[in-house]
Structure formats: structure tokens, C-alpha cells
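In what follows, a single structure is set out as C-alpha cells and then discussed.
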Amino acid sequence: MPMTEVAFHFNVPARVPYLCRLLRKVAAAGKTAWVRVPADELFALDQALWTFSQEDFLPHAVVGQGEERHSPFVLSDGPVPQRADLQVLVNGLADIPPEFSRHERVLEIVGTADEERAQARQRWRQYTQWGYTLARHDVADPGARA
């Protein structure tokens with residue numbers, strides 16, 4: 001079984017719009033995703049995925065609100081989806097979920113706040129200790145947009 005690919009996206013100034021663009025790319029690649037965001041961003045992301053683009057429709061569900069078994073994107077503020085076939089984990093939370101390695105890819109989304117950056121450094125160290133090779137994408141770099 002191949003090892004999960006892990007990439008960190010640093011310096012994300014506004015997580016919700018960035019996630020909308022990122023998930024559009026995930027959809028274009030034909031992949032499914034579990035998206036973990038803080039509770040205070042969950043509703044905003046849910047709403048934004050319905051309205052961010054007239055050309056793109058990104059079907060999604062929120063864990064515990066039904067339809068998650070049929071949606072290519074499952075949003076959560078921590079709880080694990082009822083399905084194990086989601087290929088990408090997009091993590092905007094401070095911890096690494098125990099289920100991370102069942103995904104083909106993990107995309108760690110890191111904002112600009114000092115606390116968030118410190119938590120990301122802890123996750124980076126943990127993945128490295130586990131033997132993962134990590135990719136780094138600096139969103140502040142103009143060539144690194146999602």
C-alpha cells in the first residue's frame with residue numbers, strides 16, 4: 001500500500017475562499033475529500049461551496065446532517081465521516097486525525113496566525129517522525145495559488 005502524500009499549504013489568508021478554490025481542483029481531478037475545519041468556519045464553508053462560482057457546483061454534505069454517503073465532499077469540524085472511501089483529507093484543524101493514513105493525500109491548511117503556525121509546526125514534526133516526506137506550498141508566493 002503506498003504511503004499517504006502530505007502537503008502543507010502555509011500562509012492562507014482566508015481559509016474559506018481558499019478551500020473553495022482548492023476543492024474545485026480536487027473535483028477536477030475526480031477525487032473525493034473529507035474537509036476538517038473549525039466549528040466557526042463550518043457553516044461559512046458550507047454556504048460558500050453553494051455560491052462561490054456560477055460555473056462550478058461542488059456537491060457536499062456536513063457530517064451528521066445526512067447525504068454524506070453520496071457526496072464527494074464531506075465537511076466536518078472534527079467528527080469522522082461514516083465512509084472510508086474519501087481519497088483526500090483537507091485538514092484545517094490543529095490535530096492529525098488517527099484516520100489520516102487511509103487517504104491518498106493529506107492537505108494541511110495553515111493560516112497566518114501565530115498559534116495556527118505553531119500548531120502546524122507540531123504536525124509537521126509528527127509527520128516527519130512517522131517517516132513521511134512533506135511538500136510545502138507557500139500561498140504568500142504569487143505562483144502558489146489554489
Side-chain angles (χ1 to χ4, degrees), residues 1-53 56-139 144-146:
M1 184 169 171
M3 188 173 256
T4 300
E5 294 177 24
V6 180
F8 279 74
H9 294 234
F10 287 101
N11 296 315
V12 174
R15 189 183 341 259
V16 170
Y18 187 81
L19 287 173
C20 288
R21 293 188 305 273
L22 184 67
L23 291 175
R24 181 173 40 201
K25 287 183 175 185
V26 171
K31 302 290 184 181
T32 58
W34 173 24
V35 184
R36 300 176 79 225
V37 294
D40 62 336
E41 294 178 12
L42 187 62
F43 179 77
L45 179 59
D46 180 29
Q47 293 302 304
L49 287 172
W50 289 106
T51 61
F52 88 101
S53 169
D56 301 305
F57 172 66
L58 297 176
H60 62 282
V62 176
V63 168
Q65 294 183 3
E67 300 302 318
E68 70 184 78
R69 292 180 192 248
H70 307 291
S71 297
F73 300 119
V74 179
L75 313 181
S76 163
D77 60 358
V80 180
Q82 294 292 316
R83 50 192 280 205
D85 65 332
L86 298 168
Q87 298 152 314
V88 178
L89 166 61
V90 180
N91 190 28
L93 296 180
D95 66 321
I96 301 171
E99 305 82 3
F100 83 93
S101 64
R102 74 179 184 198
H103 304 280
E104 295 171 13
R105 295 189 74 196
V106 174
L107 305 175
E108 291 280 352
I109 309 303
V110 184
T112 57
D114 289 341
E115 180 180 353
E116 207 173 326
R117 294 168 62 82
Q119 293 165 343
R121 283 191 289 275
Q122 292 288 351
R123 293 193 308 277
W124 182 284
R125 280 191 285 275
Q126 186 63 65
Y127 285 120
T128 302
Q129 288 174 355
W130 289 334
Y132 289 86
T133 301
L134 308 177
R136 183 183 203 288
H137 303 284
D138 187 348
V139 177
R145 298 270 182 235

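These numbers come from the heavy atoms of this one structure, side chains and all, not from hydrogens, waters or symmetry mates.
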List the steps, then state whether side-chain contact (heavy atoms from CB on, under 4.5 Å) holds for Thr32 with Asp85.
CA-CA 8 Å; Thr32 58; Asp85 65 332; 5.5 Å; no
side-chain contact (heavy atoms from CB on, under 4.5 Å) for Asp95 and Gln119? Distances and angles first, verdict last.
CA-CA 8 Å; Asp95 66 321; Gln119 293 165 343; over 6 Å; no
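- Of the listed residues (Arg105, Gln87, Lys31), just one forms a side-chain contact (heavy atoms from CB on, under 4.5 Å) with Val26, and that residue is Lys31.
- In this structure a side-chain-to-backbone donor-acceptor pair under 3.5 Å is present from His60 to Asp46.
- Residues Ala120 and Phe10 share a closest heavy-atom pair of CB-CE2, 4.1 Å.
- A donor-acceptor pair is defined here as one N or O able to donate and one able to accept, closer than 3.5 Å; such a pair exists between the side chain of Arg83 and the backbone of Ser71.
- In this structure, Tyr18 and His9 have perpendicular ring planes: the angle between them is above 60°, well past the 30° mark.
- Residue pairs that meet the salt bridge (Lys or Arg N to Asp or Glu O under 4.0 Å) test with at least one member in residues 123-135, sequence neighbours left out, are Glu108-Arg123.
- Looking at every heavy atom in both residues, Val90 comes nearest to Ala33 through CG2-CB, 4.5 Å.
- For the pair Leu86/Pro81, a side-chain contact is recorded, criterion being any heavy-atom separation below 4.5 Å from C-beta on.
- Scanning both residues, Thr4 and Ser101, for their nearest heavy atoms gives OG1-O, 3.1 Å.
- Remark: Arg36 does not engage Glu99 in a salt bridge, criterion side-chain N to carboxylate O under 4.0 Å.
- With Ile109 as reference, Leu22 is the one residue of Leu22, Leu93, Val37, Asn91 to meet the side-chain contact (heavy atoms from CB on, under 4.5 Å) rule.
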Criterion side-chain contact (heavy atoms from CB on, under 4.5 Å) on Val62 and Phe43, from CA distance to verdict:
CA-CA 9 Å; Val62 176; Phe43 179 77; over 6 Å; no
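- Other residues, nucleotides and ligands contribute more than 12 heavy atoms inside 6.0 Å of the CG atom of Asp40.
- Rounding to the nearest 0.5 angstrom, the gap separating the CH2 atom in Trp124 from the CG atom in Leu134 is 4.5 Å.
- Side-chain contact between Val80 and Trp34 is present, with at least one heavy-atom pair separated by less than 4.5 Å.
- Using a 4.5 Å heavy-atom cutoff, the side chains of Leu49 and Leu75 are in contact.
- Taking the six-membered ring where the residue is Trp, Tyr127 and Trp130 present perpendicular rings, their angle passing 60° and hence far from 30°.
- Using a 4.5 Å heavy-atom threshold, the side chains of Cys20 and Leu45 count as touching.
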